[in-house]
2 protein chains.
Amino acid sequence: MTAAIALADAEGLPAVSMRAVASALDTTAGSLYRYLSSRDDLLDLMTDHAVGELKPYPRPAGDWLDQLQALATQQLELHRRHRWLGEVIQRPTAAGPQTLSWFDHCLGILREVPAPTTAKFEAIALMTGTVVLFSRAQPTGQPFAALDPARHPHLTAALANPGPPPKDDLFARALRALLTGLLLGERGQEAVAEGVHAPDRAVGHRGQAG
Amino acid sequence: MTAAIALADAEGLPAVSMRAVASALDTTAGSLYRYLSSRDDLLDLMTDHAVGELKPYPRPAGDWLDQLQALATQQLELHRRHRWLGEVIQRPTAAGPQTLSWFDHCLGILREVPAPTTAKFEAIALMTGTVVLFSRAQPTGQPFAALDPARHPHLTAALANPGPPPKDDLFARALRALLTGLLLGERGQEAVAEGVHAPDRAVGHRGQAG
DNA sequence: CCTAAACTGCGAACGTCGTTTGCAGTTTAC
DNA sequence: GTAAACTGCAAACGACGTTCGCAGTTTAGG
């Protein structure tokens with residue numbers, strides 16, 4: 001269980017074979033089926049255990065956008081710590097209790113945001129998707145073998161003049177752009193530009209937490 | 001090759017085994033290694049072949065944002081047609097010629113956008129990532145088994161009151177929010193809100209194409 | 001305290017996977 | 001006409017997820 005997580009952290013998800021985790025537990029592959037129904041079961045348990053690391057949730061500070069950003073930042077750290085998470089959560093399996101709790105916490109933050117429920121669901125899904133995207137991108141080696149400048153003029157030009165390194169707040173900017181665009185619609189753009197962070201109604205995090 | 005794509009379209013990526021495509025070609029698994037060096041090779045070929053379906057690229061219309069949106073919409077249709085694409089392109093392999101050509105085309109559209117090269121790379125990657133995210137989300141069954149209203153108050157409330165269905169322009173809105181946020185920075189938000197689509201310099205697609 | 005039932009862990013095996021290998025049959029070159 | 005090179009393929013290898021049946025141990029009942 002935690003042995004499987006350690007294995008995945010160290011050697012990647014493909015290294016998490018029934019035989020490997022059994023060996024780490026000084027037993028054999030078949031024996032694991034006394035406790036697990038399948039390998040997918042193991043992956044589900046690993047996922048929910050990892051999501052549990054997000055607790056305690058950050059104390060509410062700022063408006064809902066700030067709070068979601070804090071949550072996403074924490075989530076990004078989690079995905080960098082467990083690089084196999086992005087791959088695992090893309091399977092269509094039932095969500096575990098920790099995942100359910102986290103999702104409920106997100107909805108709590110969005111409670112007063114005037115957007116339909118479906119939009120909030122999509123926004124949270126896309127937030128996690130963005131986290132996964134950013135957790136992957138770090139070492140850009142040279143994925144381009146032989147470039148023909150005639151065939152790919154813009155690409156060669158871009159590579160010849162790489163320009164300044166990317167700003168490190170790229171994640172926060174992308175996230176805020178996505179969330180405001182999704183949840184506030186076109187009017188959200190103006191609101192952000194004007195420095196207005198919340199709609200008319202008060203958007204606080206009243207009392208409860210997960 | 002095309003047989004493998006047909007197989008993946010029909011029965012999913014796991015069904016694309018060496019033996020299965022060999023059987024479709026009336027031969028055996030080992031024989032394929034006369035033409036392919038590995039299964040990853042086959043997947044790479046399938047990917048590049050599928051990306052080739054994006055040609056001819058849509059004729060340039062509107063500013064760079066409109067053009068990228070058209071490209072992304074076309075890409076989304078491709079990913080819905082070949083649902084295995086999203087999974088395949090996440091492997092860290094070298095890009096094929098069609099993929100290179102497409103990437104170069106994107107950079108051509110962004111040619112006059114005043115953003116560093118690295119930012120453009122990230123934006124294109126995130127655009128594709130958004131396409132993958134949206135290509136997945138279609139049937140939301142009931143992923144929630146037994147909900148404890150006390151433990152997940154917001155979630156149960158949200159499910160009890162689903163609200164109106166999501167607007168179908170959600171993809172376009174998310175994409176535009178992401179791209180403007182990434183490539184224009186904070187100032188981009190104002191520009192979009194004011195209906196201004198391009199910076200001072202003319203942003204046309206002059207002549208060439210991929 | 002002894003026996004019967006239930007449960008535990010585990011070695012061995014099954015089928016499938018990607019990949020390698022050696023062998024026939026055929027084509028090419030001298 | 002012979003030697004070299006190339007082709008397709010059946011068989012096999014190791015690793016995978018998973019199943020099965022058998023020992024050893026724990027529990028329940030008389």
Side-chain angles (χ1 to χ4, degrees), chain A residues 1-51 82-96 99 136 143 145, chain B residues 1-51 82-96 99 136 143 145:
Chain A
M1 211 175 305
T2 70
I5 292 184
L7 222 167
D9 288 343
E11 310 186 39
L13 202 57
V16 182
S17 69
M18 292 293 126
R19 285 167 174 81
V21 321
S23 169
L25 262 52
D26 271 324
T27 179
T28 59
S31 303
L32 297 181
Y33 286 81
R34 291 285 175 193
Y35 314 96
L36 307 167
S37 67
S38 70
R39 182 174 185 261
D40 270 2
D41 235 47
L42 173 62
L43 296 180
D44 287 346
L45 289 177
M46 289 169 62
T47 302
D48 218 53
H49 184 95
V51 171
H82 306 297
R83 293 188 296 276
W84 44 272
L85 261 182
E87 191 171 343
V88 182
I89 62 177
Q90 292 181 4
R91 305 163 309 143
T93 68
T99 304
R136 276 204 236 282
Chain B
M1 210 174 304
T2 70
I5 292 184
L7 222 166
D9 288 342
E11 311 186 37
L13 202 57
V16 182
S17 70
M18 292 292 127
R19 284 165 176 82
V21 321
S23 168
L25 263 51
D26 270 324
T27 179
T28 59
S31 303
L32 297 181
Y33 286 81
R34 291 285 178 195
Y35 313 95
L36 307 165
S37 67
S38 71
R39 182 175 185 261
D40 271 2
D41 235 48
L42 173 63
L43 263 40
D44 287 346
L45 289 178
M46 290 169 61
T47 303
D48 216 53
H49 184 95
V51 172
H82 306 296
R83 292 189 294 275
W84 44 272
L85 261 180
E87 192 171 341
V88 181
I89 62 177
Q90 291 180 6
R91 305 163 309 143
T93 67
T99 304
R136 277 204 235 281

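A note on names: the letters A, B, ... follow the listed sequences, proteins ahead of strands, and every chain is numbered from 1.
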From CD1 (I89(A)) to OG1 (T99(A)), nearest 0.5 Å: 8.5 Å
State, with a plain yes or no, whether a side-chain heavy atom of M46(B) is found less than 4.5 Å away from one of V88(B). no
Which residue pairs pass the salt bridge (charged side-chain N to carboxylate O under 4.0 Å, His left out) test with at least one member in residues 36-49 of chain B, sequence neighbours excluded? D40(B)-R91(B), D44(B)-R91(B)
At what distance, to the nearest 0.5 angstrom, does OH of Y35(A) lie from CG of L42(A)? 14.0 Å
Once side chain to side chain contact (heavy atoms under 4.5 Å, CB included) is applied, do any residues pair with L45(A), and if so which ones, sequence neighbours excluded? L36(A)
Would you sort out whether Q90(A) and R136(B) count as a side-chain contact (heavy atoms from CB on, under 4.5 Å), showing the intermediate values? CA-CA 9 Å; Q90(A) 292 181 4; R136(B) 277 204 235 281; 3.0 Å; yes
Positional range of nucleotides in DNA chain D within the contact set of chain A, heavy-atom, under 4.0 Å: dC16(D) to dG21(D)
Per-nucleotide protein contact string for nucleotides 9-18 of chain C, where B marks a base within reach and S marks sugar-phosphate only (heavy atoms under 4.0 Å, - for neither): BBB-B---BB
Which pairs would a plain distance check flag for residues 8-29 of chain A, meaning a side-chain donor or acceptor within less than 3.5 Å of a matching protein atom at least two apart in sequence or in another chain?
unit_1	atom_1	unit_2	atom_2	d
D9(A)	OD1	H82(A)	ND1	2.7
D9(A)	OD1	W84(A)	NE1	2.6
D9(A)	OD2	H82(A)	ND1	3.0
S17(A)	OG	A20(A)	N	3.1
T27(A)	OG1	S31(A)	OG	3.3
T28(A)	OG1	S31(A)	OG	3.1

